[in-house]
There are 2 protein chains.
Amino acid sequence: MTTLHIIDDDEAIRDALGWLFQSRSVPVAGWPSAESFLEGWRPDTAGCLLLDIRMAGMSGLELFDRLLARGCRMPVIFLTGHGDVPIAVSALKKGARDFVEKPFNDNELVDRVIEALAFDAEQREREAGQAGVAARLATLTQRERQVMELVVAGRLNKVIADELGISMRTVEVHRSHVFEKMRVKTAVELTRLLAATP
Amino acid sequence: MTTLHIIDDDEAIRDALGWLFQSRSVPVAGWPSAESFLEGWRPDTAGCLLLDIRMAGMSGLELFDRLLARGCRMPVIFLTGHGDVPIAVSALKKGARDFVEKPFNDNELVDRVIEALAFDAEQREREAGQAGVAARLATLTQRERQVMELVVAGRLNKVIADELGISMRTVEVHRSHVFEKMRVKTAVELTRLLAATP
DNA sequence: GCGGCTATTGTGGATATCCGCAGAATCCGT
DNA sequence: ACGGATTCTGCGGATATCCACAATAGCCGC
């Protein structure tokens, strides 16, 4: 299982949460500030975040915004001791996974964290597949991409040739290159490959 | 534009909100209770809901649950005067669109409602298209459905014939019927049609 | 039993797609 | 200037798909 990142400037809380999750076999990493986590974060950092709202220095919300801006897609569970509805609403609408008030129920929190970790693992698997597709897409030339778009739009070769003002034979060549580079054998497979990503 | 349904047991608030929205050209329907709205609700009721949490009789949350159970997909904006974070979190996680505390900013609320109405309209358009596809799917015979699944999986006719233990000619016939009934001309179009719905 | 729907198969021909072989033009970097 | 990548084109043949015409057979409802 991947790691739960606990970000809280109160060492006592980090320790208590660390204890709780380690006792449930959830790997934990503790961070004493938003800044320290942000510095250590890399696009391939996996797992989920348990993030305190109020912290000295950068707040949990600000860290969340900065992570989003950097393309981080890890599930984030906010922890807060002083429930503020507008903050909760805006965090959830931005894509936070959960918003939990202290004091919380231990078992419930553990369950939510485990679900979030599973979600992250699945999401990373999906994205790994998509990255492979994106890498293959990047090897296409402009013309090949144009032809591909018309192919997955369902146009016949002769129509594509018309629309691009080139001969059918040339379309066939590009089409064949696209299939080869994208590692598919039929237009239908290509369509499915691209339908899963856009 | 479609209708905003205001559900609040306080007539003064219904009137005030009604005024606000009518002055912004948003069509409004007022309901004095969750029960009255639920009774009048039909699957094709369009628009969005502005729903008070605390009401005599059925609460806003309970109405929301019942609507979800009946397959209602209208955007719901909750209104509440006594912010409760766990309630807001659970409502949003269930799919509520927004959760607004009184007193609210008029302009902000109007903006959110207009966005929600636009969202509902788009969603209904999408679903109308999907319903058409579903209706056409329902006209397929079992065999045609089997062939269709293999076609959109990218198999060639000869392979399909093998897998189903029938002749290629029969596959061609079924395939042609599928195209006709689904109103497409190529396997790629069919794939796109089905990829948008699953 | 007759008519309609479904499923099946065949023949034969028109179209489309797939592919190897061959040739050529432009642009770019060494 | 030479090689490489990209784009373009033609020919011909092997496969595949599309389709009209034609026919057989089982099941179901009237």
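Chain A is the first sequence line, chain B the second, and so forth, proteins listed ahead of strands; every chain is numbered from 1. Because the structure is a prediction, the values reported are computed rather than measured.
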Subject >> Closest-nucleotide 5' rank along DNA chain C - winner of A:Val173 and B:Gly165 >> reply: B:Gly165
Original post:
Given atom CZ of B:Phe179 and atom C1' of D:dT17, what is their separation to the nearest angstrom?
Top reply: 9 Å
Subject >> Salt bridge flag under 4.0 Å for residues A:Asp98 and A:Arg112 >> reply: yes
Subject >> Sidechain-backbone polar pair: B:Glu144 side chain, B:Thr141 backbone, donor-acceptor under 3.5 Å >> reply: yes
**OP:** Identify whether the distance between the nearest side-chain nitrogen and carboxylate oxygen of A:Glu62 and A:Arg66 falls below 4.0 Å.
**Re:** yes
Original post:
Separation of A:Gln142 atom CD from D:dT6 atom P, in whole Å?
Top reply: 11 Å
Original post:
To the side chain of A:His174, which of D:dT7, C:dG10, D:dC11 is closest?
Top reply: D:dT7
Original post:
Taking atom P of D:dC19 as reference, at what distance in whole Å does atom CZ of B:Arg175 sit?
Top reply: 11 Å
Subject >> Sugar-phosphate only, base, or nothing, as touched by A:Thr170 at under 4.0 Å among non-hydrogen atoms >> reply: base
**OP:** In whole angstrom, give the distance that lies between atom CD of B:Gln146 and atom P of C:dA7.
**Re:** 9 Å
Subject >> Closest-nucleotide 5' rank along DNA chain D - winner of A:His177 and B:Arg169 >> reply: A:His177
Subject >> Charged N-O contact under 4.0 Å between A:Lys102 and A:Asp52 >> reply: yes
Original post:
Please give, in whole Å, the distance from C:dG20 C1' to A:Glu180 CD?
Top reply: 13 Å
Original post:
Is the distance from OP1 or OP2 of C:dC5 to the nearest side-chain N or O of B:Thr141 less than 4.0 Å?
Top reply: no
Original post:
What's the NZ-P distance between B:Lys185 and D:dC19, to the nearest Å?
Top reply: 10 Å
**OP:** Scan A:Arg143 against the nucleic acid and name what it touches under 4.0 Å (heavy atoms): base, sugar-phosphate only, or nothing.
**Re:** sugar-phosphate
**OP:** Would you jot down, in residue-number order, the residues of residues 154-161 of chain A having a non-hydrogen atom under 4.0 Å from DNA chain C?
**Re:** A:Leu156, A:Asn157, A:Lys158
Original post:
Taking the side chain of A:Glu172 as its heavy atoms from C-beta onward, which of D:dT17, C:dT11, C:dC18 lies nearest to it?
Top reply: C:dC18
Original post:
Does any donor atom in the side chain of B:Arg145 or B:Gln142 lie under 3.5 Å from an acceptor atom in the other side chain?
Top reply: no
Original post:
Hey, is B:Arg14 close enough to B:Asp10 for a salt bridge, meaning N to O under 4.0 Å?
Top reply: no
Original post:
Once each nucleotide of nucleotides 25-30 of chain C is scored for protein heavy atoms under 4.0 Å, what B/S/- sequence comes out, 5' to 3'?
Top reply: ------
Original post:
Separation of A:Glu144 atom CD from D:dC8 atom C1', in whole Å?
Top reply: 13 Å
Subject >> Residues in salt bridge (charged side-chain N to carboxylate O under 4.0 Å, His left out) contact with A:Arg73, at least two apart in sequence or another chain >> reply: A:Glu127
Original post:
Can B:Asp162 and B:Lys158 be counted as an ion pair, charged N to O under 4.0 angstrom?
Top reply: no
**OP:** Quickly work out the A:Ile166 CD1 to C:dA24 C1' distance and round it to whole Å.
**Re:** 16 Å
Subject >> A:Glu172 and A:Arg169 ion-paired at < 4.0 Å >> reply: yes
Original post:
So B:Trp31 and B:His5, would you call those rings parallel, tilted or perpendicular, with 30° and 60° as cut-offs?
Top reply: tilted
